Amino acid sequence: MERLTSPPRLMIVSDLDDTMVEHHNDNENHSLLRFNSLWEDAYRHDSLLVFSTGRAKKMYKKLRRERPLLTPDVIVTSVGTEISYGKSMVPDENWNRIMNNKWNREIVEEETSKFPELTLQAETEQMPHKLSFHVDKSKVQDVTKELYQRLEKRGLEIKIIFSGGKALDVLPKGGGKGQALAYLLNKLNTEGKLPLNTLVCGDSGNDTELFTIPNVYGVLVNNAQEELLEWYAENGKHNSNIIHASDRCASGIIEAIGHFKLGPNLSPRDVSDFLECKADNVNPGHEVVEFFLFYERWRRGEVENCEAYTESLKASCDPAGVFVHPSGAEKSLRDTIDEFGKYHGDKKDKKFRVWTDQVLATETTPGTWIVKLDKWEQTGNERKCCTTTVKFTSKENEGFVWDNVQQTWSDESEVKDDSNWII
């Protein structure tokens with residue numbers, strides 16, 4: 001969060017499974033990729049992205065390997081009992097100390113073991129400040145009441161959260177997604193960076209607390225589960241700051257951005273012809289997002305193989321511009337564009353996707369910009385990632401001119417193979 005020197009224009013706090021990430025009806029992650037393009041194009045530079053998930057860190061990292069997730073500024077894991085920052089996931093030790101207050105995991109284990117109705121979830125879901133079980137929905141009320149009483153007698157203060165129709169989590173009383181968000185907002189306020197707007201997004205019972213935090217907007221995605229819909233009917237339906245979206249998952253989040261007028265809500269993926277549609281307030285970050293989306297469509301054969309496209313791209317490159325391939329080989333930028341022709345449609349029907357992450361532009365001197373990003377490619381289940389640096393020059397009546405592109409293999413790249421890596 002240190003990269004921002006002023007209050008974020010928008011902070012999005014989103015659950016992952018079945019909220020940001022569609023697991024059932026979107027095999028090519030179209031909804032998530034729409035959100036990704038919008039965020040990197042219009043929000044990354046002055047806003048904050050927070051993922052708030054029931055997953056433990058290990059399972060969150062597994063999801064990152066499986067889906068095209070952006071890198072959040074903050075990741076809240078294990079149902080609000082862990083907070084970490086940045087790409088390196090630096091833990092918030094102060095939050096960890098708060099979680100230790102009137103909490104004893106061994107006592108919780110001992111008391112929960114006395115309930116035959118509770119079945120422990122997988123070991124990957126058990127964390128220092130979270131014990132997770134499966135329970136029949138019909139038994140939840142009785143189990144919860146008795147468990148609260150037993151643990152209170154043992155001197156503990158706990159919270160029990162039921163979600164997904166069968167999952168029951170036992171946490172410290174100060175834990176949970178809502179408490180974690182309240183902590184983050186207080187931390188930002190103390191630093192003079194309270195977001196101008198905050199949008200919370202969820203689909204299940206463990207997201208309920210997010211919607212109770214004062215002065216936030218909220219969206220239940222269209223596919224929200226029964227327990228969250230019940231809460232909404234009783235508590236949120238008449239709150240104009242909370243909506244039940246008509247779209248599923250990440251598309252529902254985009255819908256909410258537009259509904260509440262929180263900022264741009266047209267994803268670059270919803271623009272069919274970049275040559276015909278020119279965005280307002282174009283910035284070099286936008287240029288990069290748009291270019292790599294065009295590159296994806298070119299190789300999928302979704303745009304016409306016509307000279308107008310390649311000539312437009314070449315015209316935006318400095319004649320002396322250089323592309324440094326991840327292998328270290330150098331080539332003229334314009335020559336690189338000329339080679340596009342032979343790759344048109346070569347990835348058709350191969351589930352080929354390209355997305356950009358952490359797109360950040362810096363004006364180093366008046367009229368000169370450096371844009372840094374991670375550029376990802378996926379074909380089927382194979383993923384590659386390059387750390388990419390682009391130098392632009394802003395020229396009057398010419399817009400942004402590409403001077404230099406340099407790529408190196410990212411540590412996150414599962415494959416570091418030069419074949420078919422064009423740019």
Side-chain angles (χ1 to χ4, degrees), residues 11 13-17 19 50-60 72 74-85 89-112 115 118 120-135 140 143-164 166-188 198 200-214 216 218 227-228 231:
M11 182 165 79
V13 182
S14 178
D15 173 53
L16 289 176
D17 296 289
T19 300
V50 180
F51 291 154
S52 187
T53 177
R55 289 179 178 244
K57 285 184 180 179
K58 182 177 180 179
M59 298 308 290
Y60 162 68
V74 185
I75 174 70
V76 179
T77 47
S78 299
V79 196
T81 59
E82 299 175 331
I83 299 176
S84 305
Y85 301 100
M89 297 180 66
V90 178
D92 189 318
E93 297 298 344
N94 185 55
W95 183 247
N96 189 58
R97 286 191 289 271
I98 293 172
M99 291 300 94
N100 285 329
N101 184 45
K102 294 190 176 182
W103 171 262
N104 185 308
R105 195 179 192 281
E106 292 181 357
I107 292 177
V108 177
E109 284 182 326
E110 178 187 336
E111 292 296 337
T112 52
F115 289 81
L118 297 176
L120 274 171
Q121 292 184 29
E123 187 62 32
T124 53
E125 300 304 319
Q126 313 305 326
M127 301 304 294
H129 298 106
K130 178 176 79 76
L131 278 80
S132 296
F133 304 88
H134 287 135
V135 62
V140 171
V143 168
T144 297
K145 182 178 178 181
E146 186 174 351
L147 186 55
Y148 268 122
Q149 291 173 349
R150 289 191 181 207
L151 291 172
E152 186 178 359
K153 288 179 181 178
R154 300 289 301 269
L156 303 190
E157 293 186 356
I158 57 100
K159 176 183 291 183
I160 298 174
I161 297 177
F162 179 69
S163 64
K166 63 179 181 177
L168 186 143
D169 298 311
V170 185
L171 325 169
K173 185 177 180 179
K177 293 185 177 184
Q179 293 291 88
L181 173 55
Y183 174 85
L184 286 172
L185 288 169
N186 183 64
K187 179 181 175 72
L188 287 164
T198 297
V200 302
C201 321
D203 77 298
S204 72
N206 67 20
D207 301 316
T208 303
E209 288 186 354
L210 292 172
F211 298 93
T212 67
I213 302 302
V216 304
E227 65 269 10
L228 186 57
W231 175 89

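Small disclaimer: the values here were computed from a predicted structure and weren't measured.
- In this structure, the side chains of V135 and F115 stay at 4.5 Å or more apart for every pair of heavy atoms.
- A pairwise comparison of heavy atoms in P91 and S84 identifies CA-OG, 3.9 Å as the closest pair.
- Here the side chain of R150 pairs no donor or acceptor atom with the backbone of T112 at under 3.5 angstrom.
- Taken to the nearest 0.5 Å, the OH atom of Y148 stands 8.0 Å off from the NZ atom of K159.
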>> What verdict does the side-chain contact (heavy atoms from CB on, under 4.5 Å) test give for M11 and L181, after you've listed the backbone C-alpha separation in whole Å, the side-chain angles of each residue and the deciding distance to 0.1 Å?
In response: CA-CA 11 Å; M11 182 165 79; L181 173 55; 3.8 Å; yes

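- Between N206 and S163 the shortest heavy-atom distance is N-CB, 3.4 Å.
- Formation of a donor-acceptor pair under 3.5 Å by the E157 side chain with backbone atoms of P172 is not found in this model.
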> What's the verdict on side-chain contact (heavy atoms from CB on, under 4.5 Å) for N96 and H129, showing C-alpha distance, side-chain angles and the deciding distance?
Replying inline: CA-CA 9 Å; N96 189 58; H129 298 106; 3.1 Å; yes

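- A donor-acceptor distance shorter than 3.5 angstrom exists from the side chain of T19 to the backbone of D203, with no hydrogens or angles considered.
- Put simply, the side chain of R154 reaches to within 4.5 Å of the side chain of E111, judged on heavy atoms.
- Here the straight-line distance linking atom OG1 of T212 with atom CH2 of W231 works out to 7.0 Å at 0.5 Å rounding.
- Residue M59 holds its CE atom at 4.5 Å from OG1 of T124, rounded to the nearest 0.5 Å.
- Under the 4.5 Å side-chain criterion, counting only non-hydrogen atoms from C-beta, L184 is not in contact with V13.
- Atom OG1 of residue T53 and atom CG of residue D15 lie 5.5 Å apart, to the nearest 0.5 angstrom.
- Dense packing is recorded around NZ of K57, with more than 12 heavy atoms of other residues, nucleotides or ligands lying under 6.0 Å away.
- If you take CZ on F162 and OG1 on T208, they are separated by 11.5 Å, rounding to the nearest 0.5 Å.
- Residues D207 and G202 share a closest heavy-atom pair of OD2-CA, 3.4 Å.
- Ion pairing between R97 and E93 fails under the 4.0 Å rule for side-chain N and carboxylate O.
- At least one donor-acceptor pair closer than 3.5 Å links the side chain of W95 to the backbone N or O of G80.
- No donor-acceptor pair closer than 3.5 Å links the side chain of E227 to the backbone N or O of S204.
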>> Set out, in order, the CA-CA distance, both residues' side-chain angles and the distance that settles side-chain contact (heavy atoms from CB on, under 4.5 Å) for V200 and I213, then state yes or no.
In response: CA-CA 9 Å; V200 302; I213 302 302; over 6 Å; no

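- At least one side-chain heavy atom of L16 sits less than 4.5 Å from a side-chain heavy atom of Y60.
- Side chains of E125 and K130 form a contact here, defined as non-hydrogen atoms less than 4.5 Å apart.
- Q126 contributes a side-chain N or O that, together with a main-chain N or O of Q121, makes up a donor-acceptor pair within less than 3.5 Å.
- In terms of heavy atoms, G155 sits closest to K102 at O-CB, 4.2 Å.
- Shown here is E152, whose CD atom has no more than 12 heavy atoms of other residues, nucleotides or ligands within 6.0 Å.
- The main-chain N or O of P128 is found under 3.5 Å from a side-chain atom of W103 such that the two form a donor-acceptor pair.
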>> Working note: F211 + L228, criterion side-chain contact (heavy atoms from CB on, under 4.5 Å); need CA distance, chi angles, decisive distance, verdict.
In response: CA-CA 10 Å; F211 298 93; L228 186 57; 4.2 Å; yes

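- With hydrogens and angles disregarded, a donor-acceptor distance shorter than 3.5 Å links the side chain of K177 to the backbone of S52.
- Atoms OH and CG, from Y183 and D92 in turn, are 3.5 Å apart once rounded to the nearest 0.5 Å.
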